[in-house]
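To keep things clear, I will list the structure first and then write my remarks on it.
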Amino acid sequence: MVLFAPARPKTVTLTIDGAAVTAEEGTTIWAAARQAGIDIPVLCHDERYDPVGVCRMCVVDIGQRAYAAACVRPCEDGLNVKTATPDVVRCRATLAEMLLADQPARERDPKQTTTGDNELLALADRFGLPGAGGLPAGPGRGEDLSNPVIAVNHDACILCDRCVRACDDIQGNDVIGRSGKGYATRIAFDLNDPMGASSCVTCGECVAACPTGALTNKPIHDVPIRPRGELDAVDSVCPYCGVGCALTYHVDRQRGAIAFAEGRDQPGSKGRLCVKGRYGWDYAASPQRLTVPLIRRDGAYPKGPLSADVRGEMSGAGSDARGEKGRNAPQGRSGGGRRGDQGGKRGGRKPGGLVDYDEVLPHFREATWDEALDLVAARLSGIYAAGGPGAIAGFGSAKCSNEEAYLFQKLIRTGFHTNNVDHCTRLCHASSVAALFEGIGSGAVSTTYGDVANADVAIVTGSNPTANHPVASSFFKQARRNGTTIIYVDPRADTMSDHADIFCQLKPGTDVAFYNAVMHEVIRLGLTDAEFIERRTTNFAALAQTVQDYPPQRAAQITGVDADLIRRVARAWGEAGAGVIFWGMGISQHTTGTDNARCLIAMCAITGNVGRPGSGLHPLRGQNNVQGASDMGLIPMFYPDYQKADDAGVRARFEQAWGTVELDPQRGLTVTEIIGSALKGGVRGMYMMGENPFLSDPNINKVRKALSALDFLVVQDIFLTETAEFADVILPASSYLEKDGTYTNTDRRVQLGRKVLDPPGQARVDWEVVQDVANRIGLGWSYSSAREIFDEIVSVTRNYAGLRYDNLGSTGKLYPNPDPARSDGTVVMFGERFNTPDGLAHLVPAEWLPARELPSADYPLVLNTGRLLQHWHTGSMTRRSYALDAISPRPQVYLNPADAAELGLADGEMARVSSRRGTIVLQTRVSRAEARGNCFIPFHFREAAANLLTIDEIDPVGKIPEFKFCAVRVEAAGPPKQDVLWRGSSRGCPASRPGRASSPGPA
Ligand code: SF4
Ligand code: SF4
């Protein structure tokens, strides 16, 4: 019996152009007309923003004294609307003519408008008007070319405010406003700063929104771009972060080049992009691409690093690995062997700190694919024959497709009978995955980041989403505007803290103490979900006993967060109807990373915040396909779909599915263990597909020795990476833009990436290369396409069941998905049971432990490492992108103003940063985001490699290194370098927002 029928929305019926139209109450005339297939022109309106009705282009006749603006006027019962009477059309044409008369004279398809979608000029065509008339002589309102990739022509601006709303309402960046009066009124960035010096993050949302070409993309390439109509549009997915934004590349086929990228509608990105997705695609056209197989010359043995940067000999803005200088330098340099476009001055030492091809390439000679692949197969087979499975290891890549990850682990497992296969998930969320498997039986997110819209409270912790997951952060910011309380917990007061209702700036490495104290309070206040605990969890009593020892006063002493603020967090979390936790590597990259994640799982479980809309656990995945690569079994303890490698039944199933015998019965070694094994002579031969451990792994001195010690290393990559300097064979691979494949984002959304460009020279698609190696060691593979490989993946992975290339559609599908033909997939998981054998969440209490290397008199500061918005991982792609390198060209150490002053360092001055493992020299950036006693260095820069400083201690369960905490000393190292164009120290340092609660930060 239905007691309460859901309230039906009220409707109104009106007439539009003679047709009866029924619409929900509150619908605007413009929207109702659109639903009825009637187009009303607009300039200031976009359905993604709140309407403002300022341009009046959408006026319609509603039988009243004045015409009404359809974009803001709600429908009314009985209204008779005429959208295109001769007089209405004449009004619009006159309006367009007036706007055009005030436009600067320019070409009809100005080359700067690379998106080519000038809506005002389109209206001129529609009304048969001659186009832009040109401003009368005079100063005009000026232009602003200070941003590397966006041009502002204030004279073309019609003050429609679309850019303002795009920046505020969609991206939540709040950069654009207005300045001036009367005719001098114009859009303004921050306090009327030049755009390039403002807090603008170059997301390009305002450019996409601008209807007149006042905001345009500058051409990325030197050669002018052809008009939009002459470009091919290829739907694909952004290749950078785990958000996996849907986009369309517009390709100039004649030049074989991308002209521009624009966001595409998809539930997880809604047409948005960040600076990397919108402007960071030109790396694929870098003249430094590898285009031919290379074999190390005889004279370049014994092996070792080939460049000064990688040897650690750089001074100035570089590294100085004391005690390591030149130790592994090759004894004899053969020189020569330079190949047309691959050597010579093509590379040169770039100001951006790229590899110097003149320095490195002479140590290699060109080879045919057959020669290189024969050598790879023979050497790896020989090492395997002599040393057994333990002598071989492979690193795959989270940047490659699911198909490539799947084939790579299959090659290592079936060709060399070892589970020594891993990838960079070990360096980002391995501890989160370990805790999630232990706690709820699944390493994937329990809900999407878009589900934050349904949350009363969202905790964002150990994450800098505005830099690392920018489009996901725009969903967080939007949710807050719509009423979700955002609690931000992080050692750094980065931009997200400005968008938080409660900000807790805790001391690094104190997460367990903080969350134990929150749980202490939740339990003390009786805010747990007793029914959920009873029905769906185990071990609550032990958890309660542990957190009993963490009253807020004690936690305040450990964490530096005020006890009352901890209590406030506990109350907000405990009272939330729906709460969700998003976390990043500030949680996972600690020796206590698994304990940190255990606390977050317990936080959700004791309050019943899993399995309902707006609730759950979401470790924000770093790379574009780190979720997929893990799903594919590119990890040493699991076959595809997280089936245990050391389970005899699972092994038997895969032996049957893969037609092989003797799969390795033991779990394999992880990334960090493989490096350690190579140092001790265990692992002797390695296949590296798309990984660059030299820069990404902790304690580079150790990695340098390990890579030098290998008997054989094959590197398959698109650039001559730092790791490739240790290779015996280098295979030129395809970039993301040069192949088809599927990629799985942080939400579990499986999407199609499509080929946009041809690979350069002899570079080849990665899965084909892996297959060629497999066949040379006798595996007899015959895959003919990525589609065929995906079908095999689906046959061995329960979670991907039902997915096909043909049903992924243009926006992909979430897994699990029982009905891909009709459904987007499962947003909220674990509504009834968890994936553990008993279906229950297993609560695991954790005691707070201090970090392994605490500050001392010699090394008094705590170093935190991480990413910048503009760069990606080891920088091999982003530092070869014009826009990204132009905005963020050099390494910097971020220091609290008081610490900087105490050290005698000013913005831009050079600093020497030392840990017990080495020293790097880089520029100072005074930053209010850092608490006193802490500093931050991004790890993208080879000339000042942060991982020369980091410690290689690992979490005992997840085996993830402690990238977020080691002790360092910072000293002055001289005045700013000559080439430095300092852009202002306040960028990215959020000012306090009135009304925001925050801790004073650890002293
Ligand atoms: S590029 Fe993005 S951040 Fe910058 S002004 Fe435009 S919308 Fe705002
Ligand atoms: S948020 Fe991530 S996926 Fe989206 S455009 Fe930026 S880097 Fe690409």
Side-chain angles (χ1 to χ4, degrees), residues 48-49 144 146-152 157 161-178 187-190 193-210 214-218 236-249 261-264 266 268-281 399 449-450 464-477 495 620-627 736 743-747 749 751 753 812 867-873 877-878 881 883-884 887 987-988:
R48 295 188 303 158
Y49 324 137
D144 177 354
S146 59
N147 184 293
V149 286
I150 298 175
V152 189
C157 174
D161 280 354
R162 260 166 74 164
C163 62
V164 178
R165 286 171 286 154
C167 189
D168 291 2
D169 301 352
I170 303 298
Q171 292 275 358
N173 291 328
D174 306 335
V175 177
I176 316 182
R178 284 193 187 193
I187 58 165
F189 302 93
D190 290 344
D193 295 322
M195 187 182 199
S198 72
S199 60
C200 165
V201 292
T202 314
C203 68
E205 193 75 41
C206 54
V207 179
C210 177
L215 286 154
T216 55
N217 293 327
K218 295 179 184 174
S236 193
V237 185
C238 173
Y240 288 109
C241 85
V243 176
C245 297
L247 47 65
T248 300
Y249 292 107
E262 65 184 355
R264 197 159 51 78
Q266 179 252 68
S269 55
K270 298 194 173 171
R272 304 169 205 179
L273 294 174
C274 77
V275 63
K276 293 190 287 290
R278 200 180 301 273
Y279 299 111
W281 33 260
K399 298 222 74 60
Y449 56 81
N464 181 2
T466 52
N468 297 331
H469 303 87
V471 167
S473 81
S474 71
F475 283 77
F476 302 159
K477 293 181 246 179
T495 311
L620 286 155
R621 300 308 177 118
Q623 301 222 29
N624 61 329
N625 200 37
V626 73
Q627 181 66 54
Y736 179 93
Y743 301 83
T744 307
N745 80 352
T746 187
D747 275 350
R749 180 173 297 279
Q751 301 182 87
R867 295 181 185 145
L868 300 175
L869 166 64
Q870 297 82 9
H871 284 297
W872 187 250
H873 235 244
M877 292 155 66
T878 52
S881 153
L884 305 176
I887 298 169
R987 284 168 62 91

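When a residue number appears, it is its place in the shown sequence, counting from 1. Order of listing sets the numbers, starting from 1, for every ligand and every atom in it.
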Can you list the protein N, O or S atoms less than 2.8 Å from atom 4 (Fe) of ligand 1? C200 SG
Ligand-residue contact atoms, ligand 2 with [X], heavy atoms, under 4.0 Å:
X: L273; result: 5 (S)
X: G277; result: 5 (S)
X: Y240; result: 7 (S)

Do P148 and Y279 have side chains that get closer than 4.5 Å, going by heavy atoms? no
Any side-chain heavy atom of N624 sitting closer than 4.5 Å to one from Y743? yes
If you have a sec, work out which protein heavy atom is nearest atom 8 (Fe) of ligand 2 and how many Å separate them, to one decimal?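 Here the nearest protein heavy atom works out to C238 SG, 2.2 Å.
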Can you tell me which residue and heavy atom of the protein come closest to atom 2 (Fe) of ligand 2, and the distance to 0.1 Å?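 Among all protein heavy atoms, the one nearest atom 2 (Fe) of ligand 2 is C241 SG, 2.2 Å.
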Sole residue of R621, Q627, Q751 in side-chain contact (heavy atoms from CB on, under 4.5 Å) with N745: Q751
Counting only heavy atoms, tell me which of V471, V275, N745 gets closest to atom 1 (S) of ligand 2.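 Answer by nearest heavy atom: V471.
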Heavy atom to atom 5 (S) of ligand 2, shortest distance: which of C274, P470, G280, S269 holds it? C274
Least distance between heavy atoms, N147 atom then K218 atom: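 Closest heavy-atom pair between N147 and K218: O-NZ, 2.6 Å.
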Which heavy atom of V201 sits nearest a heavy atom of V275, and at what distance? O-CB, 3.6 Å
With distance as the sole test, does K399 use its side chain to make a donor-acceptor pair with the main-chain N or O of Q623 at under 3.5 Å?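 It does not hold such a pair.
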Measuring to atom 8 (Fe) of ligand 2, does C245 have an N/O/S atom at a distance below 2.8 Å?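 So C245 does not count as coordinating atom 8 (Fe) of ligand 2.
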Roughly how far apart are C203 SG and R278 CZ, rounded to 0.5 Å? 6.5 Å
Interatomic distance, F189 atom CZ to S146 atom OG [nearest 0.5 angstrom]: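 Going from CZ on F189 over to OG on S146, the span is 8.0 Å.
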Partner of S474 under side-chain hydrogen bond (donor to acceptor under 3.5 Å, both in side chains), chosen from E205, R272, Q171: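 Of the listed options, the one satisfying the test is R272.
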